[in-house]
Amino acid sequence: MNMMLTERQEKILNSVVQEYIGRAEPVSSQMLEKKYRFGLSPATIRNEMQKLTSQGFLFQPHTSAGRIPTDKGYRLFVDKLLENELEEFASSWEKEIEDSLSFVREATRFLSEESSNLAVGYLSADKIFWKEGWGGIFCEPEFSQRGYAVSFAKMLDDFERNIERVNLPSQISVYIGRENPFSRVKDFSLITLGFSEGLFALLGPKRMSYDKNIELFCRLCQKI
């Protein structure tokens, strides 16, 4: 994380991330100036966005386009979301689960119904996977790109094959793009929650709704 960002730059970066997650389109300084009350001119916002781009937090797809977040930009945004969550919910997660099969199946369905990403539940003792949410994930605009669905299937296959090789903590963990410990396919993000008998995960585009998905895992922790 770059600790040299000003408060103003952090606000602009967060707004770009939130808008891109919601719109799936590059975000312009004019749009930010109209929607958010920064008290800044479009030129000033544009200048700050250029600084964020030069520092690697934003990316401009082509000349005259708006900006989209990079992996680094997403990471700063996610770290802020996780700041107050991990310690609180890690301690509540390791309670005994009476019926693991039923719980994992129902929890996976809950995650898929409440998100637009693919939900995966896994029990290590039984080597059983549950996958829910195919209809929602394929409605995401990224899947209209050529080869995107194939890459996602490859990432999911790598995830399943390597799941026993990665020691996941019993807490909410977010892996963005190249941070993925399961696969070399770097176009996606996943959020995991490991527990004594397995794990849960949400897999999707890097443009996934991190705040909503982290909240879902927090709600899942509270169900135990």
Side-chain angles (χ1 to χ4, degrees), residues 1-2 5 9-10 12-28 31-32 49 52-62 65-83 85 111-112 114-120 131-160 162-163 166 168 172-193 199-217:
M1 183 191 309
N2 189 327
L5 291 186
Q9 289 170 340
E10 283 196 15
I12 291 173
L13 176 61
N14 288 342
S15 299
V16 173
V17 174
Q18 290 169 338
E19 287 299 321
Y20 186 66
I21 286 172
R23 297 158 55 92
E25 295 177 356
V27 181
S28 69
M31 190 277 288
L32 290 182
M49 291 174 72
L52 290 167
T53 302
S54 66
Q55 293 182 70
F57 292 99
L58 298 178
F59 171 71
Q60 189 173 27
H62 52 82
R67 293 336 197 254
I68 65 176
T70 63
D71 289 8
K72 186 177 178 181
Y74 281 125
R75 171 48 59 193
L76 182 61
F77 178 78
V78 167
D79 284 347
K80 291 291 185 181
L81 292 174
L82 290 174
E83 236 171 36
E85 303 286 1
L111 290 171
S112 71
E114 296 294 327
S115 76
S116 58
N117 300 123
L118 183 69
V120 176
K131 293 185 281 289
E132 298 271 359
W134 290 107
I137 192 67
F138 282 119
C139 289
E140 291 296 311
E142 286 86 351
F143 283 87
S144 64
Q145 301 173 22
R146 184 177 181 180
Y148 197 86
V150 173
S151 294
F152 185 76
K154 173 67 167 62
M155 189 269 291
L156 179 60
D157 183 60
D158 290 342
F159 174 78
E160 293 187 18
N162 295 318
I163 199 164
V166 179
L168 291 172
I172 301 168
S173 300
V174 182
Y175 303 97
I176 301 166
R178 296 182 180 277
E179 299 170 357
N180 189 333
F182 302 95
S183 175
R184 293 183 179 180
V185 180
K186 305 304 181 184
D187 299 322
F188 307 95
S189 288
L190 64 154
I191 304 178
T192 65
L193 178 60
L199 65 77
F200 295 101
L202 283 170
L203 297 81
K206 288 190 284 188
R207 193 187 52 82
M208 68 162 57
S209 182
Y210 295 99
D211 51 351
K212 178 181 178 180
N213 289 345
I214 290 170
E215 159 113 21
L216 290 177
F217 277 118

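- Leu190 places none of its side-chain heavy atoms less than 4.5 Å from the side chain of Ser173.
- The distance from the CD1 atom of Ile12 to the CZ atom of Arg67 is 11.5 Å, given to the nearest 0.5 Å.
- In terms of the side chain to side chain donor-acceptor pair (under 3.5 Å) criterion, residue partners of Asp211 (sequence neighbours excluded) are, by chain and number, Ser209.
- The nearest pair of heavy atoms linking Asn162 to Phe182 is ND2-O, 2.7 Å.
- Shown here for Met49 and Val27, the closest heavy-atom pair between the two residues is CE-O, 3.4 Å.
- Closest of all the heavy-atom pairs between Leu58 and Pro69 is CD2-CA, 4.0 Å.
- Shown here for Gly204 and Met208, the closest heavy-atom pair between the two residues is N-CE, 3.6 Å.
- A pairwise comparison of heavy atoms in Asn180 and Val185 identifies ND2-O, 4.1 Å as the closest pair.
- Under the salt bridge (charged side-chain N to carboxylate O under 4.0 Å, His left out) criterion, Glu160 pairs with Lys131, not counting sequence neighbours.
- Separation of atoms CG (Asn14) and CG (Leu76) is listed at 7.0 Å; rounding is to 0.5 Å.
- Atom CD1 of Ile137 is separated from atom OG of Ser115 by 8.0 Å, given to the nearest 0.5 angstrom.
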Step by step, would you call Leu13 with Phe77 a side chain to side chain contact (heavy atoms under 4.5 Å, CB included)?
CA-CA 8 Å; Leu13 176 61; Phe77 178 78; 6.0 Å; no
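- Every residue two or more places apart in sequence or in another chain that forms a side chain to side chain donor-acceptor pair (under 3.5 Å) with Tyr210 is listed here: Ser189.
- For residues 177-187, the pairs satisfying salt bridge (Lys or Arg N to Asp or Glu O under 4.0 Å) are Arg75-Glu179, with sequence neighbours left out.
- Remark: Phe188 pairs with Tyr148, Phe152 by the ring pair (Phe, Tyr, Trp, His ring centres under 6.0 Å) rule, at least two apart or across chains.
- Lys212 is linked by a side chain to side chain donor-acceptor pair (under 3.5 Å) to nothing, counting only residues two or more places apart in sequence or in another chain.
- Of all non-hydrogen atoms in Ser144 and Pro141, the two that sit nearest each other are OG-O, 2.7 Å.
- Residues passing the side chain to side chain donor-acceptor pair (under 3.5 Å) test with Ser183, sequence neighbours excluded: Asp158.
- Between Ile172 and Leu82 there is a side-chain heavy-atom pair separated by less than 4.5 Å.
- Taking Phe138 as the reference, Trp134, Phe143 meet the ring pair (Phe, Tyr, Trp, His ring centres under 6.0 Å) condition, with sequence neighbours excluded.
- Annotation: the span from Phe59 atom CZ to Thr53 atom OG1 amounts to 9.5 Å, rounded to 0.5 Å.
- A donor-acceptor pair under 3.5 Å is formed between the side chain of Thr70 and the backbone N or O of Phe57.
- The structure places CG of Leu193 at 11.5 Å from CD1 of Ile214, a figure rounded to the nearest 0.5 Å.
- Atoms CD1 and CG, from Ile191 and Asn117 in turn, are 7.5 Å apart once rounded to the nearest 0.5 Å.
- In this structure Gln9 satisfies the side chain to side chain contact (heavy atoms under 4.5 Å, CB included) test together with Leu5, Thr6, Glu48, Lys51, Leu52, Gln55, sequence neighbours excluded.
- The list of salt bridge (Lys or Arg N to Asp or Glu O under 4.0 Å) pairs with a residue in residues 136-153, not counting sequence neighbours, reads Glu140-Arg207, Glu142-Arg207.
- For Glu132, the side chain to side chain contact (heavy atoms under 4.5 Å, CB included) partners at least two apart in sequence or on another chain are Thr108, Arg109, Ser112.
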